[in-house]
Each structure stands twice: as structure tokens, then as C-alpha cells.
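The structure appears below as C-alpha cells.
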Amino acid sequence: MSHLAESSSYLSSLRERATGQLTGGVRSDLARTSTSEAMAVLYKLASSPSTACDALALLHELQVHQVEVDMQHEELRHSRADLENHLARQTNLVQRAPAAFLVIDETTVVCEINRAGVRLLGAASHGVLGQSFASFLTAASNAQLQSMLTQARAGAPPQTCELHFLPQGGVSRTFLCTADKEVSSGRFILVLMAPAASS
């Protein structure tokens, strides 16, 4: 047996013995043991010349474990800060994008929308959220939208189609649209852009 394996086996044995002393011989999760009880066991082991080495070895293992936990906590804190910064950047990008981004559910109810989407639909954001996106479209474009959602549901690559909006202020509008399935929520992401002006 290697020295590393022997050391690991020895430390595991110490942990089991300490757990046994702390719990009266009943196996338990050492992490649930109070600090004062753990210190009492260490003190008891350190008080006897025959177990003083065991106490030092156990104390060393606990200190190493504490350092590992502190390092993991610091890494998690940094990871969380990085994720929060990344989320804020992505949210800012989507909100400031010139294209309209919408998240709709299976019934085409608008769940999320960016600024460009609000401008495109010509309403305040609180007036758009909860409305059916299909209610802004002509009957033919509504059928086209349902076809796009069916393809997205089946996992087909997003296709770009023209959607014709109901006239607003007497003006008819047409936008290019792609639809994709949002895996995490089961909703759909729509991206709408004005078609390029013909020369």
C-alpha cells in the first residue's frame, strides 16, 4: 500500500473514531456535530499522551478541510459575480438591440419583450405583456406564425418569414420574423426586423 493510501486510510479511521466519540458510537454526519463537541473530542485526544498524535493529525485534517471549504466558497462567490455580470451584459445587449426580441408562450401570449419590440408593436411594454402576439397579425400571417411555431417545436432550424401586421394608424407594416424554441422554458423566441429597403 502506498504512503498516500495509508495516510488517507489513517485519516478516515481518525474521522470515524472522532465521529464515534462525538455520537456515542452511533454513526452520524460529522458536519452536523457542534464545534464545541468537536473541540471537546480534540481536547480529550490531546490530553492523553497515547492519543496526542491522533489529535494533531485530526486537527490538521480539519484545518485543511476548512481551507478547502474557504477556497471553494471564494470560487463560488467569484463565479456568481461573473455570472451576474454576464447576465447584466446580455440583458443590456438584448434591450438595446435594434431588432425586436419577444418571448411568447404556446398560445402566443407575450411573456417578455425588449425596447425595439415595444416600439414595433406601438404600445407601452405593460400594454404588450400578457397580450396575444397573434392579435397584432393578419389572419394569413397568424397562420404563418403557427406554422413557424410548429417547426420550432419539432426542432427544425429557424426559418425567416414575412409577417404582415394589422394596419396601425392606417399604415400596413411587414416584418421579417424567425422563431425558435427556448429549451429551458418551452416558450418561443421571436426575432423581428424590418425588411431591407428595395433599391
Side-chain angles (χ1 to χ4, degrees), residues 1-97 99 101-107 109-117 125-126 129-130 149 152-158 178-191:
M1 183 182 286
S2 71
H3 174 69
L4 185 62
E6 287 177 356
S7 175
S8 176
S9 175
Y10 174 68
L11 292 174
S12 294
S13 171
L14 274 179
R15 186 182 291 112
E16 285 183 22
R17 284 168 49 201
T19 302
Q21 288 189 33
L22 288 169
T23 59
V26 179
R27 290 185 64 100
S28 173
D29 183 0
L30 187 59
R32 295 182 183 172
T33 305
S34 73
T35 303
S36 60
E37 290 173 322
M39 293 307 291
V41 168
L42 279 174
Y43 178 77
K44 185 175 178 183
L45 288 171
S47 298
S48 170
S50 64
T51 56
C53 279
D54 291 347
L56 287 174
L58 186 58
L59 180 59
H60 175 72
E61 183 187 2
L62 291 172
Q63 288 171 329
V64 169
H65 179 67
Q66 181 63 50
V67 170
E68 288 174 347
V69 168
D70 290 344
M71 291 171 70
Q72 288 173 355
H73 176 73
E74 189 65 16
E75 286 176 7
L76 286 172
R77 195 177 65 76
H78 284 301
S79 294
R80 179 175 179 167
D82 288 345
L83 285 172
E84 287 175 349
N85 287 336
H86 181 71
L87 176 61
R89 284 195 306 273
Q90 293 301 316
T91 301
N92 190 42
L93 283 173
V94 170
Q95 281 300 328
R96 293 174 180 272
F101 288 91
L102 296 89
V103 176
I104 63 172
D105 68 10
E106 286 279 349
T107 62
V109 167
V110 179
C111 305
E112 297 176 46
I113 188 167
N114 70 344
R115 294 173 190 161
S125 60
H126 63 272
L129 293 175
L149 297 184
R153 204 177 287 115
T178 61
D180 203 1
K181 182 96 169 168
E182 190 177 54
V183 179
S184 59
S185 68
R187 296 173 175 170
F188 300 94
I189 301 171
L190 302 183
V191 182

Note, K181 side chain near F188 side chain (heavy atom, < 4.5 Å) |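 With C-beta onward as the side chain, the pair touches.
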What pair of heavy atoms forms the shortest contact from [X] to [Y], and how long is it?
X	Y	result
D105	R187	CA-CG, 4.3 Å
A179	A152	O-CB, 4.0 Å
N114	A99	ND2-O, 3.0 Å

For salt bridge (charged side-chain N to carboxylate O under 4.0 Å, His left out), just list the numbers for E84 and R77, CA-CA rounded to whole Å, side-chain angles, deciding distance to a tenth of an Å, and then say yes or no.
-> CA-CA 11 Å; E84 287 175 349; R77 195 177 65 76; over 6 Å; no
Hey, could you give me the CD/CD1 distance between E112 and I189, rounded to the nearest 0.5 Å?
-> 8.5 Å
For the atom pair CG (L190) and OG1 (T178), what is the distance rounded to the nearest 0.5 Å?
-> 7.5 Å
Name each donor-acceptor pair under 3.5 Å that joins a side chain in residues 86-96 to protein atoms two or more places apart or in another chain, with its distance.
| residue | atom | partner | partner atom | Å |
| --- | --- | --- | --- | --- |
| T91 | OG1 | L87 | O | 2.8 |
| N92 | OD1 | R96 | NE | 2.7 |
| Q95 | OE1 | R115 | N | 3.3 |

